[in-house]
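Read through the structure below, which is laid out as structure tokens, and then see the notes.
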Amino acid sequence: MPELPEVETVCRTLRPRLVGRTVTGVRLLRPFVANCAPAEFAERVGGRRVEGVRRRGKYIVIELGASPGRPPDDLIFHLMMAGRLGHRPPGAAPPDPVEAKHTHAVFTLDDRSELAWADLRHFGRIHLVPRHQPEAIPPGLAALGPEPLAAGFTAARLASILRRRRAPLKLVLLDQAAVAGLGNIYADESLHRAGLHPLRPACSLDPGEVRALHRSLRAALREAIASGGTTLRTYVDGEGRRGAFQARLRVYGRTGKRCARPGCEGTVERVRVGGRSTHFCPLCQPPRTAVRNSR
DNA sequence: CTCCTTCCCTGGGAGC
DNA sequence: TGCTCCCAGGGAAGGA
């Protein structure tokens, strides 16, 4: 599932292929543009130069430069669970059956290569919004919380977010308005690394636990990016490569297996939290912090 | 404001 | 072999 590390990897692989290129053609095979009609979409994107490719939360933002009579636009993609945004060399066929069947939009570039949008589940969406027009930004993007890998995301910042919420930790980590970019995989992995039970009320953490969670989620995200993301089913990066982090998952998708922490005898359990499967080790992540021997 | 539920969509696996 | 059922899950919307 594309979460922050996967979306970041897609952006990094697409950036050198797209920036500086001009879009010469737009083919919309299915009308999955959320906020404008196909004809208007093609007219507004065609002929534009790509000025940048950036990530915000789980969104990919392709910045289209101004052209005569047209102010700059942002072309915004959300991959949801099964979306792919990939670069294909000139004349290349869809690289696998999934893309052959579920490619919904193709952008041709001035070097005759293509940017293809595919989505097996048809959940993903494209938005085209004027660069500086806040009311046109998709609500989920407008309401995003802080980037967890940004320099300004300190343990103190995380503490102030958790302090105000009584909901289970797992739900707060999944809330994109609290912290941007975590999904089911990295929420579970972060909580396991921090030794925190997913049902603990967010506001119940002491300062040491907040610091542990802050360290853990940043470490998990950084390591996943370094591995090119997690491929469980359909995820590939902008050049069609699978991620490698699935081999390093400690609890996610490992229900009934031995906890991955060396020496731990625990067995990974699964519970549902807010309708989401949640994986944890009952020994590493006790319901309440064990009482420490003081002095 | 916070929290909770429902819906969207397809493929793949389990079970019969 | 083929059928049904259920699950995966992020975000939007609506209600309490």
Side-chain angles (χ1 to χ4, degrees), chain A residues 1-8 10 29-35 55-61 76-85 94 96-105 117-127 129 135-145 147-148 160-191 198-204 217 221 224 229-236 243 246 249 251-256 268-279:
Chain A
M1 266 56 66
E3 303 177 25
L4 187 154
E6 291 75 34
V7 178
E8 178 65 27
V10 170
L29 287 68
R30 288 189 185 80
F32 289 151
V33 180
N35 68 335
R55 179 191 62 76
R56 175 75 173 103
K58 301 176 200 171
Y59 293 83
I60 298 167
V61 181
I76 300 170
F77 297 85
H78 197 301
L79 304 175
M80 295 298 278
M81 277 82 69
R84 287 183 181 179
L85 192 59
D96 67 19
V98 169
E99 292 197 32
K101 188 172 177 185
H102 298 285
T103 295
H104 305 319
W117 164 256
D119 183 7
L120 174 149
R121 303 274 283 280
H122 301 196
F123 265 31
R125 285 293 177 270
I126 307 175
H127 285 78
V129 309
E135 67 275 13
I137 297 172
L141 177 56
L144 282 180
E147 285 292 331
S160 77
I161 292 164
L162 299 177
R163 194 183 304 131
R164 296 180 285 107
R165 305 284 297 266
R166 278 193 295 181
L169 275 175
K170 171 67 183 272
L171 289 187
V172 175
L173 292 184
L174 289 179
D175 180 356
Q176 301 301 296
V179 180
L182 292 172
N184 216 26
I185 297 173
Y186 299 105
D188 283 0
E189 292 297 304
S190 299
L191 289 170
L199 291 177
R200 286 274 304 275
C203 57
S204 74
L217 69 87
L221 294 172
T230 299
T231 297
L232 294 176
R233 297 179 186 84
T234 58
Y235 166 74
V236 293
Q246 58 277 11
L249 296 175
V251 286
Y252 185 87
R254 301 189 63 250
T255 310
V268 176
E269 293 184 8
R270 180 173 64 172
V271 294
R272 292 193 84 78
V273 183
R276 303 288 154 77
S277 284
T278 297
H279 312 75

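Here is how names work: the chains are called A, B, and so on, in the same order as the sequence lines, proteins then strands, and each is numbered from 1.
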From [options], nucleotide with atom closest to [X] side chain:
X	options	value
A:Arg166	B:dG11, B:dC3, C:dG11	B:dC3
A:Asn184	C:dG10, B:dT10, C:dG11	C:dG10
A:Ser277	C:dG10, B:dG11, C:dA8	C:dA8
A:Pro139	C:dA13, B:dC4, C:dG10	C:dA13
A:Arg165	C:dA12, B:dC3, C:dA8	B:dC3
A:Tyr59	B:dC8, B:dC4, C:dA12	C:dA12
A:Ala167	C:dG11, B:dC3, B:dC9	B:dC3
A:Arg233	B:dC3, C:dA8, C:dG11	C:dA8
A:Lys101	C:dG10, B:dG11, C:dA12	B:dG11

Taking only the side-chain nitrogens and oxygens of [X], find out if one of them lies under 4.0 Å from OP1 or OP2 of [N].
X	N	value
A:Arg270	C:dA8	yes
A:His122	B:dG11	no
A:His78	C:dG11	yes
A:Arg272	C:dA8	yes

For B:dC1, what is the paired nucleotide under Watson-Crick or G-U wobble rules, both distances under 3.5 Å?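 B:dC1 is unpaired by these criteria.
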Donor on one side chain, acceptor on other, A:His279 and A:Asp188, under 3.5 Å: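 Short answer, yes.
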5'-most contact on DNA chain B: A:Gly275 or A:Met80, nearest heavy atom basis?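 On the 5' side of the pair lies A:Gly275.
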From [atom1] of [X] over to [atom2] of [N], roughly how many Å is that when rounded to an integer?
X	N	atom1	atom2	result
A:Ile76	C:dA12	CD1	P	11 Å
A:His127	C:dG10	NE2	P	18 Å
A:Leu79	C:dG10	CG	P	12 Å
A:Lys58	C:dG10	NZ	P	5 Å
A:Leu141	C:dA12	CG	C1'	14 Å
A:Gln176	C:dA12	CD	C1'	13 Å
A:Met81	B:dC9	CE	P	12 Å
A:Ile126	C:dG11	CD1	P	17 Å

For A:Leu182, does its backbone N or O pair with a side-chain atom of A:Glu3 as donor and acceptor, under 3.5 Å?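 Pair absent, no side-chain N/O of A:Glu3 close to backbone of A:Leu182.
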Return yes if some donor-acceptor pair links the side-chain N/O of A:Glu6 with the main-chain N/O of A:Thr230 below 3.5 Å, else return no.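 Between the backbone of A:Thr230 and the side chain of A:Glu6 there is a qualifying donor-acceptor contact (under 3.5 Å).
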Report the residue from A:Leu171, A:Val271, A:Leu174 that forms a side-chain contact (heavy atoms from CB on, under 4.5 Å) with A:Arg276.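 Only one of A:Leu171, A:Val271, A:Leu174 forms a side-chain contact (heavy atoms from CB on, under 4.5 Å) with A:Arg276, namely A:Leu174.
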Hey, what do you get for NE2 (A:His102) to NE2 (A:His122), rounding to the nearest 0.5 Å?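 Separation between the atoms: 5.0 Å.
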Pick base, sugar-phosphate or nothing for A:Arg125, based on heavy-atom distances below 4.0 Å to the nucleic acid.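 Nothing, no nucleic acid heavy atom in range.
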Select base, sugar-phosphate, or nothing to describe what A:Thr234 touches, counting heavy atoms under 4.0 Å on all strands.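 Contact class for A:Thr234: none.
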Does A:Arg276 get its side chain close enough to the base of C:dG10, under 3.5 Å, for a donor-acceptor pair?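 Result: at least one qualifying N/O pair found.
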Between A:Phe77 and A:Trp117, how do the two ring planes meet: parallel, tilted or perpendicular, split at 30° and 60°?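 Taking A:Trp117 first and then A:Phe77, their aromatic rings sit tilted (interplane angle of 30° to 60°).
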